[in-house]
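By convention in this document, chain letters (A, B, ...) are assigned in the order of the sequence lines, proteins followed by strands, and residues within each chain are numbered from 1.
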Protein chains: 2
Amino acid sequence: MSKHIPEKVSNRLTLYHSIMVEYIENGLDTISSPQIAQRLGIDDSQVRKDFKLLNNAGKCRVGYLVKDLKDSIEKTLGFAHAKDAFIVGSGHLGLALAKYDNFNSYGLNILALFDNDPQKVDMQVNNKQIFHISKLPNLAKRLEVDIAILTVPRQNAQQVADFLINSKIKYIWNFTPAVLKVPPEVKVWNENIMGSFLQFACKDIIQED
Amino acid sequence: MSKHIPEKVSNRLTLYHSIMVEYIENGLDTISSPQIAQRLGIDDSQVRKDFKLLNNAGKCRVGYLVKDLKDSIEKTLGFAHAKDAFIVGSGHLGLALAKYDNFNSYGLNILALFDNDPQKVDMQVNNKQIFHISKLPNLAKRLEVDIAILTVPRQNAQQVADFLINSKIKYIWNFTPAVLKVPPEVKVWNENIMGSFLQFACKDIIQED
DNA sequence: AAATAATTGTGAAATAAATCACAAAAAATA
DNA sequence: TATTTTTTGTGATTTATTTCACAATTATTT
């Protein structure tokens with residue numbers, strides 16, 4: 001099925017997923033669209049339309065089965081297919097991500113970290129080794145890894161990205177504020193942390209008419 | 001002016017901003033909408049419409065002045081108004097954010113960190129002190145801080161959020177995967193790191209028809 | 001000086017997303 | 001059993017966003 005999930009929908013699905021995890025922890029079996037909508041401050045019909053996309057039917061007057069919803073969200077978002085990735089840049093952000101065990105439960109498997117600082121090389125973080133960046137091309141080939149999480153300083157971002165592209169990396173999850181130049185076959189996802197903050201700030205904090 | 005900047009626009013503005021920084025570093029004075037559009041894989045008329053929103057006129061056959069654009073983006077996104085914030089949770093993510101000096105240049109001023117681990121209390125990170133969480137209410141009041149960056153483990157997220165709300169925190173930038181329950185006067189921005197990844201993954205990596 | 005090419009600015013059209021409104025279903029209550 | 005209430009599912013409407021198309025402008029070339 002070539003069902004295309006729009007970005008906004010998949011973002012909501014992850015929020016629904018968190019709520020399902022919470023409901024399961026609290027031993028609740030069912031949930032209704034108004035309950036979810038109120039929690040997220042959105043319209044309840046939107047929740048139902050999103051669930052329709054998952055082919056997940058609810059029951060009138062009862063709601064949806066929490067367990068079923070959680071499963072279909074995971075299936076739809078591809079949590080099931082584990083994907084291997086490297087973290088490139090073992091600064092604080094890289095290390096934080098390496099320790100972020102949520103990745104694992106969401107199907108992203110960090111195999112190793114890389115850095116160019118000899119001091120860091122051979123350290124272990126959360127059972128993952130830090131390698132010198134020069135080892136990346138070989139390891140990527142041998143382990144068939146084509147996803148890199150880029151957490152180097154902005155100044156080095158493009159140069160390191162070029163190196164990754166030469167190493168046949170096809171997907172770059174870019175945590176640096178640089179806007180990378182890449183060939184069309186390489187996909188970049190800009191995490192843009194400051195961007196999120198500014199959206200937050202613009203919408204709600206500033207506002208002087 | 002009560003010009004409302006939609007989320008999608010402000011997200012693009014931050015990307016434009018990064019490109020402007022890069023152009024300035026490379027000594028380039030002007031930039032055209034097709035140049036930017038190609039870089040970001042979007043339509044060039046959209047770039048122009050975004051700039052229109054900034055009241056930033058370009059010059060036919062030449063483009064826009066990079067410096068002017070950077071300034072108006074900063075003015076529009078409120079980079080100029082420094083805002084003070086606390087980081088709550090001094091785990092790896094909290095520490096990484098404390099060291100992320102970009103915050104500062106974008107107008108977000110981290111004053112201090114908090115944790116409940118006595119081992120961490122009184123440590124210094126990037127010239128910012130880690131305080132015991134019990135000190136937060138007083139410091140928030142004295143320093144008039146109403147923004148908190150929440151980086152505690154998911155299990156503690158709601159409980160800590162409740163504590164923050166009692167301490168008169170009004171804006172929570174939530175890096176945990178928990179969906180927080182808050183009263184209407186408190187604004188939450190969910191960073192949802194995994195969400196971004198899954199959007200990335202759904203759009204480009206999976207895709208088995 | 002005229003022709004050419006690149007670029008802006010913007011209305012119109014197309015696409016996408018969110019909200020509304022309500023019939024149908026089914027649990028709870030009287 | 002009949003009535004009430006809650007909730008789903010969805011077509012219609014509205015709103016927002018993106019793309020298209022092109023006139024107007026202006027630097028560059030001939």
At a heavy-atom distance below 4.0 Å, what parts of residues 18-33 of chain A sit against DNA chain C?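 DNA chain C contact set from residues 18-33 of chain A: none.
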Within this structure, what is the [atom1]-to-[atom2] distance between [X] and [N], rounded to whole angstrom?
| X | N | atom1 | atom2 | value |
| --- | --- | --- | --- | --- |
| B:N56 | C:dT7 | CG | C1' | 15 Å |
| B:F51 | C:dT10 | CZ | P | 15 Å |
| B:D44 | C:dT8 | CG | C1' | 10 Å |
| B:I5 | D:dA16 | CD1 | P | 15 Å |
| A:I42 | C:dA17 | CD1 | C1' | 12 Å |
| A:Q46 | D:dT10 | CD | C1' | 14 Å |

If you draw a 6.0 Å radius around CD in A:Q155, do more than 12 non-hydrogen atoms from other residues or ligands fall strictly inside?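 Correct, the count exceeds 12.
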[X] versus [Y]: any side-chain heavy-atom pair under 4.5 Å?
| X | Y | result |
| --- | --- | --- |
| A:I133 | A:V88 | yes |
| A:Y16 | A:I36 | yes |
| B:L54 | B:L13 | yes |
| A:I110 | A:I149 | yes |

In terms of side-chain heavy atoms of A:V62, which of D:dT19, C:dA18, C:dA27 is nearest?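 So the side chain of A:V62 is nearest to C:dA27.
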Which nucleotide in the list C:dT7, C:dT10, D:dT17 gets nearest to the side chain of B:K52?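 Side chain of B:K52 sits closest to C:dT10.
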Give one of base, sugar-phosphate or nothing for A:Y64, where a contact means two heavy atoms less than 4.0 Å apart.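 Answer is sugar-phosphate: A:Y64 comes under 4.0 Å of backbone atoms only.
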Within the pair A:K59 and D:dT7, is there a side-chain N or O less than 4.0 Å away from OP1 or OP2?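 A:K59 to D:dT7 OP1/OP2: no side-chain N or O under 4.0 Å.
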Set of salt bridge (charged side-chain N to carboxylate O under 4.0 Å, His left out) partners for A:K67, sequence neighbours left out: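 Testing A:K67 for salt bridge (charged side-chain N to carboxylate O under 4.0 Å, His left out), a comparison that skips the adjacent residues, returns A:D71.
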Residues in salt bridge (charged side-chain N to carboxylate O under 4.0 Å, His left out) with A:R61, at least two apart?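 Salt bridge (charged side-chain N to carboxylate O under 4.0 Å, His left out) list for A:R61, sorted by chain: empty.
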Tell me which one of B:R48, B:K49, B:Q38, B:Q46 satisfies side-chain hydrogen bond (donor to acceptor under 3.5 Å, both in side chains) with B:S33.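 Passing option: B:R48.
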Are the side chain of A:T151 and the backbone N or O of A:G89 linked by a donor-acceptor pair below 3.5 Å?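 Indeed, once roles are kept as given, a pair shorter than 3.5 Å links the two residues.
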Identify the two heavy atoms, one from B:F114 and one from B:S90, that lie closest to each other, and give their separation to 0.1 Å.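 Closest approach of B:F114 to B:S90, heavy atoms only: O-OG, 2.9 Å.
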Hey, is B:R39 close enough to B:E22 for a salt bridge, meaning N to O under 4.0 Å?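 Answer for the salt bridge query: yes.
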Should the pair B:R154-A:E25 be classified as a salt bridge under the 4.0 Å nitrogen-to-oxygen rule?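 Result for this pair is yes, salt bridge flagged.
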Does the separation of the ring centres of B:F175 and B:W173 fall below 6.0 angstrom?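 Between B:F175 and B:W173, the centre distance is under 6.0 Å.
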How bent is the helix from C:dA1-D:dT30 to C:dA30-D:dT1, measuring the angle between the end axes built from five pairs each, rounded to 10°?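 About 10°, once rounded to a multiple of 10°.
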Polar atom pairs (N or O), protein with nucleotides 28-30 of chain C, under 3.5 Å:
none

For nucleotides 20-22 of chain D, print each protein N/O atom paired with a nucleotide N/O atom at under 3.5 Å, atom names and distance only.
from	atom 1	to	atom 2	distance (Å)
D:dC20	N4	B:S45	OG	3.2

Toward the 5' end of DNA chain D, which comes first, A:A57 or B:D50, by nearest nucleotide?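 So the residue in question is A:A57.
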